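Please read the structure below before turning to the comments.
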Amino acid sequence: MKVAFYPGCVSKGACPELYVSAKAIAEPLGLELKELTEAPCTGAGVLSEQNPQLADALNGLTLAMAESEGADLMTICSTCQGVLSNHNYHLQQDKERMDRANATIGDQGFRYGGTTKVKHLLWMLFEDIGIDRVASAIKRKLTGLKIAPFYGCYILRPEESLGLKERPERKTYLQQLISLLGAEPVEYRGSTKCCGFPMLTFNREKALAMGGNHIMEAKDKGADLLVTPCPLCHLNLDGQQPDAARVLKKDIGVPIFHLPQLLGLAFGMDPAELRLDHHVVPTKGALEKVELKV
Amino acid sequence: MRAALEAARAGADVAIVTKVHPIRSHSSAAQGGINAAIAETDSWESHAFDTVKGSDYLADQDAVETMCQEAPRDIIEFEHMGVIFYRGPDGKLGTRAFGGASQARTYFVGDITGQALLVTLYDQILKAGVKVYEEWYATALHMEGGACRGLVALEMVTGELHLLRSKAVIIGAGGLGRLYEPSTNALICTGDGYALAYRAGAPLMDMEMVQYHPTTLAGSGFLMTEAARGEGAYLLNSLNERFMKRYAPNKMELAARDVTSRAEATEIGEGRGIDGNVLLDLRHLGPDVILKKLPQIHEMALDYLGIDMVKDPVPVRPGMHYQMGGIKTDVDGATPVPGLYAAGEVACVSVHGGNRLGANSLLDTIVFGRRSGKVAADYAKSTAASTGGEALLRSEQDRLRELLSRPYTGETNAGLRLELAIMMDKLVGLYRVESGLREALDKLQGFRKRYETIAVGDKGRVFNQALTFSLELGYLLDCGETIIRSALIRTESRGAHTRSDFPERNDKEWLKHILLTRQGEGEPELSYVPVTITRWQPEVRTY
Amino acid sequence: MQFTIEVGRFNPEGTYPENAVPGAPFPAPWDRSPARRYQTFTVDLPEHAVVLDALIAIREYQDQSLAVRCACRSAICGSCAMWINGHANLACKSKLSAFTQDGKTRVESPPSMPIIRDLVCDMKPFWDKHLAVKPWLQNKQPVPPPNEEYRVSNASMEELIQEVSCISCSACLMDCESFAVNPDFLGPQALAQAFRYAGDPRDAETKERLAEYSKPGGIWDCTHCYECVTQCPKGVAPLEQILKLRRMAVDAGFTNNAGTRHADAFAESVRESGRLNELTLMPKSVGFFNIVEQIKTLPSAFNLIRAGKLPPLIHKAIPGVNRIKTIFERVGGRFK
């Protein structure tokens with residue numbers, strides 16, 4: 001099935017392993033990725049906060065581009081998902097906002113009609129691709145691994161714009177997926193909490209403590225690794241983990257996987273192919289548990 | 001809080017003693033609005049007349065005049081404090097219609113007027129730096145030389161009793177709704193103020209005047225504001241009829257509360273109710289009005305009954321709501337006991353007489369709160385401090401110790417309270433008769449005997465709510481007794497007090513207030529005070 | 001209908017009912033809060049009953065020593081906020097049937113607040129923060145005479161209804177992630193009330209307020225996670241109010257902070273290339289001349305380089321970037 005693929009900025013910047021692994025799992029899942037190469041950054045909530053009209057226009061443009069492809073817009077980042085869903089929701093509800101956004105982008109060759117559906121890969125696995133298809137693509141069950149899900153705020157809140165009132169099951173997809181792949185999901189409070197990334201530049205120490213605490217909670221409950229559908233969370237939880245360890249004065253050392261990397265492993269792909277050797281926190285220990293090397 | 005603010009402004013060293021944080025007060029539940037004759041087309045005389053008529057001519061007209069004259073400036077003062085009142089297109093305060101009013105004069109904030117006033121007033125208390133003894137539970141007033149000189153309070157967090165000496169005490173402790181089931185009132189409305197004053201020798205006046213609110217949510221008893229009817233809601237019976245046309249053809253659903261509650265009870269009693277309720281229908285108002293002007297009750301009906309009032313009518317019934325009677329005070333909130341003042345629902349000036357108009361209660365609290373604060377502060381300037389009270393503190397400590405040491409009997413205070421409340425609703429509710437009232441008094445004495453033996457189910461020191469609940473039940477029993485006795489004494493029907501054996505209003509004999517003053521353990525002393533009439537002679541009361 | 005409730009008990013005097021089982025300690029950053037002991041009760045209530053109904057039934061008929069704050073039962077007094085299945089909610093507004101997980105409902109006093117007893121927490125942190133934002137009207141001069149109101153539009157008053165709806169239940173603060181790691185953070189309720197007054201046309205000290213709220217512990221210490229918006233029982237949406245304050249503060253010129261620099265750097269990057277340039281975002285947010293902070297970020301930069309995760313040094317613009325530039329020109333505001 002064709003999707004308007006929106007990779008977001010970070011997967012093409014500091015988290016190239018996400019982009020690579022996302023492309024790699026498209027084939028087994030039957031996804032035809034039509035990348036929206038001319039779509040701008042969503043603003044990550046920062047621009048929405050400071051200038052809602054600007055963010056309406058930028059995201060309206062992206063949504064219009066997906067609309068003209070005639071396909072759902074697929075994200076691989078919780079933050080992109082949250083921001084695009086938020087703007088989509090408001091543009092659809094508020095005619096004034098929609099008209100203003102369209103007036104800004106109208107002469108650029110695009111006009112948003114309000115029909116685009118924004119869906120994260122995680123949702124598409126259950127709602128569009130179907131778990132049967134996913135199950136049939138599994139070549140290597142991840143038995144023996146204890147995996148802690150880390151959602152990332154913006155794929156869970158605010159609930160209205162993410163359609164969670166209508167589909168509350170979206171709040172448990174990660175756990176369900178982990179079980180489907182043969183591993184044991186770890187239940188812990190931090191799985192739905194904030195990693196601290198938005199605050200990283202304002203209050204570095206506290207932001208690192210936030211993420212670090214959540215990883216430690218999962219570790220104390222036996223987690224071998226965390227999996228997250230958001231590369232911004234990944235940057236904080238993986239990229240900044242050594243610094244977080246220093247702030248908390250604790251040894252952390254828990255690898256953080258991207259969602260497509262986990263899928264790729266289960267689909268039988270090689271860890272190096274999924275760039276699991278390009279993390280700050282080594283993935284070696286976790287991979288050894290399923291007899292893999294990187 | 002209004003009293004404390006005024007006392008602080010008058011230079012007094014004032015503290016608030018409150019059993020819950022001030023923001024948790026039941027005033028937060030007042031929804032619809034606050035009355036004042038501010039508009040150019042309005043006059044305080046009109047407001048006063050509506051109030052007097054609404055009271056079924058039992059209100060003291062000099063007090064009513066004072067309240068209505070001062071209302072506009074008190075409301076504007078709150079606006080200056082920051083309350084976000086509704087505005088008309090000219091940027092001035094705007095009104096909505098309310099029951100028993102000859103013209104719209106109710107100022108409001110959505111359907112959260114009480115809360116909006118409360119939080120703003122609390123913020124002003126913070127600004128003025130008034131001290132608050134939060135979660136200190138008053139157990140007795142300290143009397144010295146016949147005057148009130150402070151109180152004893154239980155500090156909930158530590159379990160310690162403290163004696164707080166002061167030159168004056170203002171009671172603003174609210175109502176007694178837990179004496180009835182169903183009631184719109186919060187769990188904390190347990191008549192503490194009435195009982196404390198009564199035990200200290202202050203008279204309780206017009207206690208038989210207990211108001212039932214016409215629209216309380218079926219089941220829970222939650223308040224469905226009169227503002228709904230102010231915005232145009234209908235009351236329907238099982239025949240889909242707007243039955244109020246038979247009881248109050250002019251004002252229809254906006255007749256006075258006692259008239260409306262009795263109408264509903266009659267409809268239900270004569271078989272035209274639906275499962276013991278009538279219906280409040282707002283569908284014709286449209287979602288815009290409902291969601292903008294009445295969002296809170298819309299959510300309540302949805303949350304607690306699963307009914308969306310945009311689409312369906314809501315089952316409601318009369319529920320006990322307000323006590324018009326209370327501690328006797330003059331227009332400055334002064335009780336006959338020197339040093340003791342009272343304002344708000346707990347007081348009886350009397351401005352509400354036999355029936356209170358909607359949106360007059362919030363007004364009552366701020367006008368007489370202010371007046372009592374000023375007068376009490378002035379009084380305190382000319383009084384010496386108390387030096388005694390130790391004996392009271394010790395006897396309170398003994399009393400509490402005794403409560404905590406009782407052996408379990410198998411009975412609980414909660415169970416007794418429920419029996420008492422159901423009994424009060426049945427025999428001392430909307431309709432009363434002598435035999436029923438005598439039975440009620442008998443039953444109450446029986447309850448008292450049982451209360452004397454029931455153990456407190458928590459022996460701890462920290463935050464012992466079982467202990468405070470036991471004290472609260474004691475207050476409710478005192479209040480209940482004065483209500484039943486007053487109801488027996490008034491052999492006529494007036495306002496909220498309806499005697500099936502005396503169905504007519506009897507102005508010749510009963511244009512007077514009933515006062516009960518405690519004397520030891522026996523029957524209270526009965527006295528009367530005539531109603532003060534300034535300009536409005538009693539007329540037949542129709543809506 | 002039968003419901004099973006697990007109640008977290010805590011008694012500073014140390015006495016507990018026999019069947020109260022010690023619970024697991026709370027994870028960091030709440031590991032300083034004492035672990036509760038959990039006592040399981042069964043109650044028989046109508047199917048639409050709420051958690052508070054269960055607690056009152058327990059207190060009245062099963063264990064009178066259960067301490068819980070409650071008054072109005074109808075979500076207006078704000079007394080009964082507590083952790084229900086690990087998230088702060090009003091007990092009187094939470095239907096037991098909606099809050100049953102693994103066959104039971106778990107209630108406890110949240111570890112984010114100091115505890116007094118059982119379900120009663122010490123609200124002092126909450127009230128202190130409320131007081132800290134000077135939550136009262138500083139009257140704009142001239143104040144109208146005693147018989148006249150300020151003339152303001154109804155729209156400006158209606159805008160504040162959302163904030164005035166706050167019942168000070170503290171659910172937002174109880175679940176605030178930033179407050180959890182940073183006790184100095186003013187928190188969602190205080191900042192929502194801060195906006196209530198900063199956004200009131202009758203308040204005279206808007207600029208002074210914004211200056212205060214822009215300091216550490218204020219509006220820029222919020223991690224933007226929407227927990228408060230989700231948990232608030234009255235729809236106050238504290239985060240939205242914090243964002244309004246941020247916009248107001250920047251417009252008023254309080255821009256010497258990482259938050260503003262971050263937004264400026266972000267916008268510049270998107271305007272010039274259509275996407276985020278992570279390489280320069282961090283240094284620009286921190287402030288080029290803020291050497292101390294710059295040095296602090298170096299270790300993680302090295303780690304990223306070592307792992308081969310450094311973004312390309314030459315930051316390429318997206319195809320069609322002129323569209324983006326046009327958008328910025330038209331509605332970019334200060335980001336033009």
Side-chain angles (χ1 to χ4, degrees), chain A residues 9-10 12-17 37-41 43-47 49-51 53-54 56-58 61 100 104-105 108-109 153-154 156-159 188-190 193-194 196-204 206-207 209-210 213 216-217 220 235 239-240 242-243 246 248 278-280, chain C residues 27-29 86 177-178 180-182 216 220-227 229-230 243 246-247 250 257-259 261-263 266-267 269-270 274-278 281-282 285-286 293 296-297 299-300 303-304 306-312 318-320 323-324 326-328 330-333 335:
Chain A
C9 307
V10 181
K12 303 191 97 165
C15 280
E17 69 276 8
T37 51
E38 304 192 17
C41 173
V46 176
L47 294 186
E49 168 192 312
Q50 288 293 311
N51 188 337
Q53 230 185 309
L54 172 66
D56 269 349
L58 290 171
L61 180 62
R100 249 185 287 141
T104 312
I105 65 173
Q108 303 295 308
C153 306
Y154 300 143
L156 294 174
R157 296 179 290 273
E159 296 197 341
Y188 68 117
R189 192 183 148 70
K193 296 306 224 168
C194 184
F197 190 86
M199 223 166 71
L200 194 58
T201 52
F202 313 163
N203 194 332
R204 188 178 170 76
K206 298 303 179 186
M210 240 186 245
N213 279 327
M216 286 308 295
E217 191 196 345
D220 285 341
L235 273 182
Q240 308 286 347
D243 267 10
R246 212 169 321 139
L248 291 181
H278 284 282
H279 286 204
V280 168
Chain C
E177 276 300 286
S178 280
V181 292
N182 183 4
W220 297 107
D221 266 304
C222 159
T223 195
H224 211 303
C225 73
Y226 284 99
E227 283 280 353
V229 175
T230 312
L243 299 185
R246 284 184 180 179
R247 281 197 285 277
V250 170
N257 47 58
R261 286 190 289 271
H262 183 71
F266 211 116
S269 170
V270 178
R275 57 190 197 87
L276 182 59
N277 182 349
E278 296 126 317
L281 184 67
M282 184 70 89
S285 308
V286 165
E293 284 299 317
K296 281 198 193 155
T297 66
S300 65
N303 287 329
L304 287 170
R306 251 211 333 255
K309 283 162 75 57
L310 194 67
I318 61 172
R323 268 193 216 107
I324 316 305
T326 310
I327 291 177
F328 269 83
R330 287 184 181 157
V331 289
F335 298 132

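Keep in mind the model is a prediction, meaning the values are calculated, not measured.
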Taking all non-hydrogen atoms of both residues into account, name the closest pair between [X] and [Y] and its distance.
X: G239(A); Y: L304(C); answer: CA-CD2, 4.2 Å
X: A258(C); Y: T201(A); answer: CB-O, 3.1 Å
X: R204(A); Y: S300(C); answer: NH2-OG, 3.5 Å
X: R330(C); Y: T104(A); answer: NH1-O, 2.7 Å
X: H224(C); Y: P198(A); answer: CB-CB, 4.2 Å
X: E217(A); Y: P27(C); answer: CG-CB, 3.5 Å

Nearest-0.5 Å distance that lies between atom [atom1] in [X] and atom [atom2] in [Y]:
X: E177(C); Y: M210(A); atom1: CD; atom2: CE; answer: 6.0 Å
X: R157(A); Y: T230(C); atom1: CZ; atom2: OG1; answer: 5.5 Å
X: S285(C); Y: F202(A); atom1: OG; atom2: CZ; answer: 8.0 Å
X: I318(C); Y: K12(A); atom1: CD1; atom2: NZ; answer: 9.5 Å

Heavy-atom contact with chain A under 4.5 Å, split by part of [X]:
X: F328(C); result: both
X: E227(C); result: both
X: T223(C); result: both
X: S269(C); result: neither

Test your reading of the model: is there a side-chain donor-acceptor pair from [X] to the backbone of [Y], 3.5 Å cut-off?
X: R246(C); Y: E49(A); result: no
X: E278(C); Y: A14(A); result: yes
X: N51(A); Y: V331(C); result: yes

Q | Set of residues satisfying side chain to side chain donor-acceptor pair (under 3.5 Å) with respect to E159(A), sequence neighbours excluded | A |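 If we apply the side chain to side chain donor-acceptor pair (under 3.5 Å) test to E159(A), skipping adjacent residues, the hits are K171(A).
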Which atoms of [X] come close to chain C, meaning under 4.5 Å heavy atom to heavy atom: side chain ones, backbone ones, both, or neither?
X: L61(A); result: side chain
X: H278(A); result: both
X: R246(A); result: side chain
X: L248(A); result: neither
X: A207(A); result: neither
X: Y154(A); result: side chain

Q | Validation row: Q50(A), F335(C) side chains within 4.5 angstrom (heavy atoms) | A |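 Contact flag for Q50(A)/F335(C) side chains = yes.
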Q: Go through the structure and list residues passing salt bridge (charged side-chain N to carboxylate O under 4.0 Å, His left out) with E17(A), not counting sequence neighbours.
A: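 Partners of E17(A) under the salt bridge (charged side-chain N to carboxylate O under 4.0 Å, His left out) test: K309(C).
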Q.
Out of G190(A), G13(A), G196(A), return the one with the most heavy atom pairs under 4.5 angstrom to chain C.
A.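 Highest number of pairs under 4.5 Å: G13(A).
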**Q.** Options A57(A), P158(A), A209(A), ranked by heavy-atom pairs under 4.5 Å with chain C, top entry
**A.**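 Ranked by contacts with chain C, first place is P158(A).
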Between [options], which residue shows the highest count of heavy-atom pairs closer than 4.5 Å to chain A?
options: N257(C), L281(C), L310(C), N303(C); result: N303(C)
options: V229(C), N277(C), D221(C), V250(C); result: D221(C)
options: K296(C), R306(C), R275(C); result: R275(C)
options: P299(C), G320(C), A180(C), G333(C); result: P299(C)

